[in-house]
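Below is one structure, written out as structure tokens; comments come after it.
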Amino acid sequence: SLISNLDQFRQEYIDSIAYSDLVFTPRGDANCSQRYYEVISAGRVPIIPDSKMRFPKVLNGEEIIDPPGIMTDWRASNLKSRVNEFWSNLSIESWQNTQKEIRNFYNSYYDYRIYILRLFNTKNLDSLKKLTYSDHK
């Protein structure tokens with residue numbers, strides 16, 4: 001009831017991601033939030049609070065690739081140092097390349113269609129196990 005125009009609200013949300021370089025992406029009610037995927041699909045850097053989120057595993061050949069983002073806890077001193085560390089290593093050109101890499105990561109691994117195709121195109125059960133978490137009993 002507080003939002004009278006949902007289209008306007010959605011556009012403002014998208015614009016806020018588009019005009020931001022770094023975006024907080026805390027987990028939602030589930031393991032992760034849709035916000036994370038929206039942010040990386042836009043080529044922005046997610047700041048991920050360390051709340052033991054489990055991202056879908058990504059394999060490049062046999063290598064497991066970490067998802068893009070700055071993983072940190074909520075303490076202000078840690079967050080500030082992690083963001084400063086991130087920015088201190090970037091030029092304008094490397095920042096543009098970083099944005100492209102994040103966007104390409106999303107398109108190559110997390111886009112829903114691509115992820116599902118990879119998941120169900122595994123040739124054997126061992127390959128499927130590499131894409132899942134095995135600590136559930």
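Quick caveat: nothing in here was measured; it's all calculated off a predicted structure.
Ring-plane geometry between Trp87 and Trp95 is classed as tilted, the angle between the planes lying from 30 to 60 degrees on a 0 to 90 degree scale.
Note: Thr98 OG1 to Glu93 CD = 10.5 Å, rounded to the nearest 0.5 Å. In this structure, the separation between CG on Asn107 and OG on Ser41 is 8.0 Å, given to the nearest 0.5 Å.
Under the 4.5 Å side-chain criterion, counting only non-hydrogen atoms from C-beta, Arg10 is in contact with Ile14.
Scored by the side chain to side chain donor-acceptor pair (under 3.5 Å) test, Gln8 finds Glu12 as partners (sequence neighbours excluded). The ring pair (Phe, Tyr, Trp, His ring centres under 6.0 Å) check on Tyr109 picks up Phe105, with sequence neighbours excluded. Looking at residues two or more places apart in sequence or on another chain, you find no side chain to side chain donor-acceptor pair (under 3.5 Å) involving Glu101.
The two residues Arg35 and Phe24 make their nearest non-hydrogen contact at CD-O, 3.2 Å. Minimum interatomic distance between Ile40 and Pro68 (heavy atoms only, all atoms of both residues): CG2-CG, 4.0 Å. Listed here is the closest heavy atom pair of Phe86 and Leu22: CE2-CD2, 4.0 Å. Residues Gly69 and Val45 come closest through the heavy atom pair CA-CG1, 4.4 Å.
Formation of a donor-acceptor pair under 3.5 Å by the Arg44 side chain with backbone atoms of Asp21 is not found in this model.
By the criterion of side-chain heavy atoms lying less than 4.5 angstrom apart, applied directly or through intervening Ile, Leu, Val, Met, Phe, Trp or Tyr residues, Ile70 is grouped together with Tyr110 in one hydrophobic cluster. Hydrophobic clustering, with ILVMFWY side chains joined whenever heavy atoms are under 4.5 angstrom apart, groups Tyr13 together with Val23. Taken together through direct or relayed side-chain contacts under 4.5 Å among Ile, Leu, Val, Met, Phe, Trp and Tyr, Val39 and Tyr106 form parts of separate hydrophobic clusters.
A donor-acceptor pair shorter than 3.5 Å cannot be found between the side chains of Glu85 and Asn89.
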